[in-house]
Structures are given as structure tokens and as C-alpha cells.
Q: 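Next up is a structure, given as C-alpha cells.
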Protein chains: 2
Amino acid sequence: MYAVKAMPRPRSLTPAQLAAAALAVLDRDGLAGLTMRAVGAQLGTSTMGLYRYVADRDELEALVVERVLEPVDTHPPPDVPWADGIRDLAERVRRAVGLHPAVVPLLPAYRHRSPTILRWGEAVLAVLTGAGFTGTGRVIAFRALLGYVVGAIQMEHLGALAGPGTAVIAALPRDEFPLLAATARDAGVVVPEDEFGGGLDLLLDGLARRLDR
Amino acid sequence: MYAVKAMPRPRSLTPAQLAAAALAVLDRDGLAGLTMRAVGAQLGTSTMGLYRYVADRDELEALVVERVLEPVDTHPPPDVPWADGIRDLAERVRRAVGLHPAVVPLLPAYRHRSPTILRWGEAVLAVLTGAGFTGTGRVIAFRALLGYVVGAIQMEHLGALAGPGTAVIAALPRDEFPLLAATARDAGVVVPEDEFGGGLDLLLDGLARRLDR
DNA sequence: GTTGTAGGAGTACGTCGTACGCCTACAACG
DNA sequence: CGTTGTAGGCGTACGACGTACTCCTACAAC
């Protein structure tokens, strides 16, 4: 052991405060408004002061993503059929993201760096393993679920069939896109939760059939 | 009719040339390198000259996305079982995007503006309709397929289980994420095509079950 | 030729991320 | 309680971005 000659001045901000401020900016001004200057102003500190806490903007975004996902309960639901467990886990992520839709574009890139997402993935795998999936079958099941959840959440918030995008599609030339137009009309009566859950059920049914064989 | 006093100077660039140049920049320098200046330089023209052809950077990106997707054959495969038709259509998009992975982050946002994607969607709906899907069942089937295809393609190129991301996950603390670590190891022997196709098959099996009832 | 329109180049502005340097606050030591 | 060294906080400044605006120029129709 060597003697410590001096202790530095203590930090005046916590990472949690920083994340909260960045999320407030994101919710208020959208992803384009999430700048170092804006977050600095939100905290009443200087722009460059943020660099005492994060290496760059990338790290700030990672902090925001984690802040949004952190409330997700990553415990596998106990005592329910495995498919219900997966449904529950998927819906928890969808709900958390729905509270802060502006993070949606960040999710694909940051999904590996979020401890919460990793814990969530571990929980999904626990349910799949408990259901009897192993080896490459489990790999494909997991990947398919992850792909669907991420993709479907993006569809929902970046103009899904049942969303603002419906109007765009409904306005297409009827003769060139008759089925898209008809589907857009049908989509008007489907609420987002049912779209998300309905698609997930298709995947779960497919998985169930794998277990039967 | 009124007499035309003068005809303007003809355009020296075609939108196709512009799209090709932008795509070349994207392939070479990635999405961050796709700037108005870089595309101008690529064409040997001035930066501002591009604004004669596109309103803003957004429109340039739309041009690139369309350029990447344009080669996709959007004719529904004839004379095959409906599930094979969907598989084919999905794989065509996956292959086209795989040739230019840097566009992946743009896909979710621009999917509504691409004529090719719209034609592709119409083809998917034609296959689904031929298989017997209608109404809200068709809405959910379409949305699920679109969500899966977009999500899975992103997983593949932004660090999927079977990809560069595998290493990251394999390096996780073994005691906290035992299943993720094991799955990452199993994923090493699964090629991306099988991951994509395997997940899609799950969805198609789920859809087939809907038709049986 | 002459003429009118639109093309092309260049300049310039505001905003972004962030490198860097200055001064200051404060915990641990004598 | 004074000294000291580290790190915090702030401000300035730079390069790159998107793009508005101004000039000059090329060319098709007369």
C-alpha cells in the first residue's frame, strides 16, 4: 500500500441525474434535440462539464437507453406456461419503450450494451430452456423472438399499419396497391397491443409446434 | 397554348447517377461518411449542386435506400405453396440489403417511401390473400412478417448472435449470464441464412396453424 | 445572334461534437 | 490550521456538418 497524498474534489453529479436529464431532453425535444449543449443546459451546467461523466455523445445515448429499459422487470414470470412467460417478458419491454418512443431508433444499436437487455435475454432463455429448447433450436428461437420484438416495436413507433403510417398507405393509388390499401383500412380497427401480441402469438405457435415433434 | 420563349439548360445529372454516387460513398465510408460534400466530390460537382436534384439530405438518403432495394424482384413467386412464396420474398430483401449493409439503419424510417418496398408488401399480401388470409388476420400476419424481416435484418447486421456480437456476449460474466453465454457458443455453428430462415419458418408455421382452424 | 431560364460554383452562417487550457474547490496530510 | 495535489467546472475555439443565398454561365428556342 502507498499513502494517498490527496483526494480529489467529489463529483457533483450522479450518472443517474445525467441520465434523467438526458431523458427529459429526449422526451421534450426528440432524438434530434438530444445534444450535449441541451443536456448541459437541462442540468444547469456547462456543455463540457458533461465530459467528466461520459466519454462522448455515444455514451450519453447508451445512458439514456439504459435509463428507459432499466424499469423493466427481468424476472421470468413463475408458475405460468412458458408461452405466457415469453408474452409477459416481451410486453414489459414494449411498455417501457412506449413511455419514451423517441429512443426507438437507438435500440438496435445499443441492445448489446444494456445490462437490462442482457438480463432480459437471460430471462427469455431461461423460459425457453425450461420449455425444452436446447442447442441450435434455442438459438433460432431466441434470435427470432429478439428480432420480432425489436422489429415490431420499431414498426409500431415509426408508422405502423395501425398508426400514423396507415394514412400514408391508405392514400396510395388504389389500382397499383389494392391489397395494401385494403389492409390499411382493415388495420384501422386493430389496436397496437393486439398487433404486437398477435404477431408474437404466431411465433409462439410456431415454437410450440417444434416442441411437439 | 402559349409560346414557350426559351427552354432551360438541360440537366447534367440523372437521379440514378446521384443515387449511384451516394451508394458508392455509403459503401466506402459508411453511413456517417454519407455527407452532401462527400457525394458532391464523388460526382465531381459542387456540394450545393446536389440541391438541384434533392431537397435535403433526407431525400438523398431516400434515394440511396431505394437504390439498394430497387433490384428486389417484387413478383410473387408463381406455382409454389404460399409459405414458400413468402420465404422467397423475404430472402430477396435480405439478400439485397446484405449487399449494402450500411443502409440497414435507414430501413425502418424509409420503408414507407420506397416504391419497391410498397410493391414488395403488395406481393406479400397477394400471397397471404391467396393462402386464405383476410381481414384482421391478414393485418396481423402482414405486420408480423414485416416486423420480423426488418428486425431480423437489423439483428444480423448490428451484431447478431451469429455475428460479431457473439464475441461480446460470449465474454459476459459466466455466472450472471450462463444461458446467454451458452447460447452464444451454440450460435457459432449457425449460419445467418439459417437463423433468418429458421425464425421465419416459426412465423410461417404459426400462420399455417391459423389456416387450419 | 438574342434572350430568358435554369444550372453550377462559391461564400457564408448557424449548430453540432469535442479538444484544450485556465482557474478553483476540497480531502488528506503536516 | 496551512499546504498540496488532484480533479471539477467553465469558456474558448476548431473542424465538419447541412443548407440559404448570390453570382455567373450555358444553352434551347426564337
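Below, chains carry the letters A, B, ... as their sequence lines are ordered, and counting in each starts from 1. We use all heavy atoms of the structure for the numbers below, so side chains are in, but hydrogens, waters and symmetry mates are not.
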Q: Check whether any side-chain N or O of A:Arg143 sits under 3.5 Å from a backbone N or O of B:Met155 as a donor-acceptor pair, and report yes or no.
A: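 Side chain of A:Arg143 to backbone of B:Met155: no pair is present.
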Q: Which is more 5' along DNA chain C, the nucleotide nearest B:Gly44 or the one nearest B:Arg37? Just name the residue.
A: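 Mapping each residue to its closest nucleotide by heavy atoms, the 5'-most match is B:Gly44.
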Q: When you check the phosphate oxygens OP1 and OP2 of D:dC10, does a side-chain N or O of A:Thr45 lie under 4.0 Å from one of them?
A: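 Yes, because at least one side-chain N or O of A:Thr45 sits under 4.0 Å from OP1 or OP2 of D:dC10.
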Q: Below 4.0 angstrom, N of the basic side chain to O of the carboxylate: do B:Arg94 and B:Glu91 qualify?
A: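 Salt bridge flag = yes for B:Glu91 with B:Arg94.
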Q: Whole angstrom is fine here: how far is it from CD in B:Glu61 over to C1' in D:dC17?
A: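 Interatomic distance, CD of B:Glu61 to C1' of D:dC17: 13 Å.
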Q: Could you give the CZ-to-P distance, from B:Arg57 to D:dA16, as a whole number of Å?
A: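 That distance rounds to 16 Å.
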Q: Please state how far atom CG in B:Leu43 lies from atom P in C:dG7, giving the value in whole angstrom units.
A: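 Distance check: B:Leu43 CG to C:dG7 P gives 16 Å.
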Q: In whole angstroms, how far is the P atom of C:dG10 from the CG atom of B:Leu50?
A: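 Whole-Å distance recorded here is 13 Å.
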Q: Take atom OH of B:Tyr51 and atom P of D:dC21, then tell me their distance rounded to the nearest Å.
A: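 Those two atoms, OH and P, are 13 Å apart.
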Q: Ignoring backbone atoms, test whether B:Thr47 places a side-chain nitrogen or oxygen under 4.0 Å from the OP1 or OP2 oxygen of D:dT19.
A: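 No, outside the criterion.
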Q: Check whether A:Gln154 reaches the backbone of A:Val104 with its side chain - one donor and one acceptor, N or O, closer than 3.5 Å.
A: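 Not confirmed, A:Gln154 side chain does not pair with A:Val104 backbone.
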Q: Output the rounded distance in Å from OH (A:Tyr53) to P (C:dG17).
A: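 Distance, rounded to whole Å: 19 Å.
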Q: To the nearest Å, give me how far apart CG (A:Leu18) and P (D:dG8) are.
A: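 Computing the A:Leu18:CG to D:dG8:P distance gives 13 Å.
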Q: Classify the nucleic acid contact of A:Arg52 as base, sugar-phosphate or nothing, counting any heavy atom under 4.0 Å across all strands shown.
A: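 Base contact.
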Q: Which one is paired to D:dA29, where only Watson-Crick or G-U wobble pairs with both distances under 3.5 angstrom count?
A: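 With both distances under 3.5 Å, D:dA29 matches C:dT2.
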Q: Is the shortest distance from a Lys or Arg side-chain nitrogen in B:Glu122 or B:Arg119 to a carboxylate oxygen in the other one below 4.0 Å?
A: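 Result for this pair is no, no salt bridge flagged.
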Q: For the side chain of B:Met48, counting heavy atoms from C-beta on, which of D:dC10, C:dG17, D:dA20 is nearest?
A: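 Shortest atom-to-atom distance from the side chain points to D:dA20.
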Q: Now, which nucleotide makes the Watson-Crick or G-U wobble pair with C:dA19, with each of the two distances under 3.5 Å?
A: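 Pairing partner, where one exists within any strand: D:dT12.
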Q: Rounded to whole angstroms, how far apart are CD on B:Glu59 and P on D:dG18?
A: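 So the two atoms are 15 Å apart, to the nearest Å.
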Q: Do side-chain atoms of A:Arg67 reach the backbone of A:Ala21 as a donor and acceptor pair under 3.5 angstrom?
A: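 Judged by distance alone, no pair lies under 3.5 Å.
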Q: Which sits closer to the 5' end of DNA chain D, A:Gly49 or B:Met36, going by the nucleotide each is nearest to?
A: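 Closest to the 5' end, via its nearest nucleotide, is A:Gly49.
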